[in-house]
Protein chains: 2
Amino acid sequence: MDTRSKLLASARDQIQRKGYNGFSYADLADEVGIRKASIHHHFSTKADLGREVAIQYRQDFMAALRSIESGKSNSFKKLEAYIQLFRHTLEKDHKVCLCIMLAAEHEALSDKIKNEVKAFFKENEVWLAQLFFEGQSEGEFTLMSTPAETAKLVLSALEGAMLIAESMDDLTRLESISQWILSSVKKT
Amino acid sequence: MDTRSKLLASARDQIQRKGYNGFSYADLADEVGIRKASIHHHFSTKADLGREVAIQYRQDFMAALRSIESGKSNSFKKLEAYIQLFRHTLEKDHKVCLCIMLAAEHEALSDKIKNEVKAFFKENEVWLAQLFFEGQSEGEFTLMSTPAETAKLVLSALEGAMLIAESMDDLTRLESISQWILSSVKKT
DNA sequence: GTCTATAAGATGATAGAC
DNA sequence: GTCTATCATCTTATAGAC
């Protein structure tokens with residue numbers, strides 16, 4: 001793993017834990033084991049670094065979604081796997097979604113980073129809406145509203161739950177919400 | 001309004017917009033119209049100020065909940081009024097809940113502030129759970145899960161939606177989610 | 001690519017005059 | 001209660017040697 005990749009990984013990790021305003025080039029230098037000034041060789045400004053972290057995060061997440069699409073046999077299992085992405089981040093890594101951290105610091109971000117965050121949420125909603133539509137079409141799901149509206153609710157609930165779970169020191173709460181979501185779409 | 005109250009109001013407003021790490025004593029001094037150093041006369045440290053803001057916010061919110069309890073005639077109207085608290089903050093004031101901002105910056109906060117945030121979420125959940133229990137008992141609501149689990153979902157969805165709505169510049173999304181929640185508890 | 005040295009500004013906080 | 005002046009420290013960023 002080269003220095004550039006280490007910097008991206010460390011920045012991503014720190015934003016997910018402490019936020020964009022919560023880490024500095026000094027923190028980054030400590031973690032990666034180089035000097036502050038050397039970071040500028042790889043990323044000329046903090047905004048550049050943040051932008052690349054956001055781009056990479058979005059790409060990785062979309063790859064995970066494609067993997068779920070091709071790897072699971074039905075819509076219910078796909079929804080379970082989607083929720084598992086969030087639970088894994090929180091329960092195993094004790095981190096929250098990068099983009100909900102960036103959303104909270106929205107005012108401090110450059111336009112380019114803001115656009116990445118916006119695109120991340122949009123793509124998640126589109127993916128979820130498509131999943132709900134398919135599940136409904138195939139008679140697997142019974143929805144309380146349109147696929148698009150259900151997608152908005154599910155994304156909001158998962159993102160909000162990560163932050164609340166972390167601040168209440170109660171990681172089981174994401175599990176509660178997962179169960180709620182799954183049973184709410186289950187064919188009755 | 002005395003200086004102390006102005007400082008509390010400005011700090012609260014700025015945290016809701018930019019986060020705890022996103023505002024400084026200089027910003028505060030500019031808004032209130034005194035010098036940086038004078039702030040320390042009222043709040044010796046930023047952590048003290050943050051703590052008092054969180055305490056006051058929680059008290060004000062709980063007062064609003066008591067007002068809903070005594071002012072609305074049935075459980076459905078109480079739930080509508082609760083959701084309206086969040087919508088008003090976002091749509092009229094273009095701010096998000098103070099405590100979800102503080103939750104995102106959890107690692108940067110003193111223990112006292114963390115405890116206030118935790119208590120805020122807990123009290124909201126207890127209040128909502130009680131509301132769902134009553135609505136269910138009186139045959140007004142049909143719940144998909146226990147009152148407590150439903151409370152967790154509703155709080156998470158509203159808090160998450162505020163952040164996502166703001167970052168996507170789409171304030172209507174809170175309305176979508178409100179409709180979803182209301183129709184999900186409606187007696188069928 | 002990484003380093004040392006350094007800049008220019010912001011940060012929270014203190015001392016002491018008025 | 002508010003001010004000026006000052007502090008130590010942290011922030012992102014640059015210049016130039018190796």
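As the structure is a prediction and not an experimental result, all values here were calculated from the model. Quick note on labels: first sequence line is chain A, next is B, and so on, each numbered from 1. Worth knowing before you read on, the calculation uses all heavy atoms, side chains too, and leaves out hydrogens, waters and symmetry mates.
A/Ser38 has no side-chain polar atom (N or O) that falls below the 4.0 Å cut-off from OP1 or OP2 of C/dG1.
Residue A/Ile39 contributes atom CD1, which lies 12 Å from atom C1' of C/dT2 at whole-angstrom precision. The distance between atom OH of A/Tyr25 and atom P of D/dC10, rounded to the nearest whole Å, is 19 Å. Separating the NE2 atom of A/His40 from the P atom of C/dC3 is a distance of 13 Å, rounded to the nearest angstrom. Rounded to whole Å, atom P of C/dT4 lies 4 Å from atom CZ of A/Arg35. Counting to the nearest Å, the P atom of D/dA13 and the CD1 atom of A/Ile34 are 15 Å from each other. Atom-to-atom, NE2 of B/His41 to C1' of C/dA17 comes out at 15 Å; the value is rounded to the nearest Å. Separating the CG atom of B/Asn21 from the C1' atom of D/dC10 is a distance of 13 Å, rounded to the nearest angstrom. The nearest whole Å value for the distance from the CG atom in A/Leu7 to the P atom in D/dT12 is 13 Å.
Between B/Ile164 and A/Ile100, some side-chain heavy-atom pair lies under the 4.5 Å cut-off.
Of all heavy-atom pairs between B/Ile113 and B/Ala47, the closest is CD1-O, 3.6 Å.
For A/Thr45 and B/His42, each mapped to the nucleotide of DNA chain D holding its nearest heavy atom, the one lying further toward the 5' end belongs to B/His42. The nearest heavy atom of DNA chain D to A/Phe43 and to B/Thr3 marks one nucleotide each, and the one closer to the 5' end goes with B/Thr3.
In this structure, of D/dT11, C/dT14, C/dA13, it is C/dT14 that holds the atom nearest to the side chain of B/Ala37.
A cation-pi arrangement is found for A/Lys46 relative to A/Tyr20, the charged atom lying closer than 6.0 Å to the ring centre and inside a 45° cone about the ring normal.
Remark: A/Arg87 engages A/Glu175 in a salt bridge, criterion side-chain N to carboxylate O under 4.0 Å.
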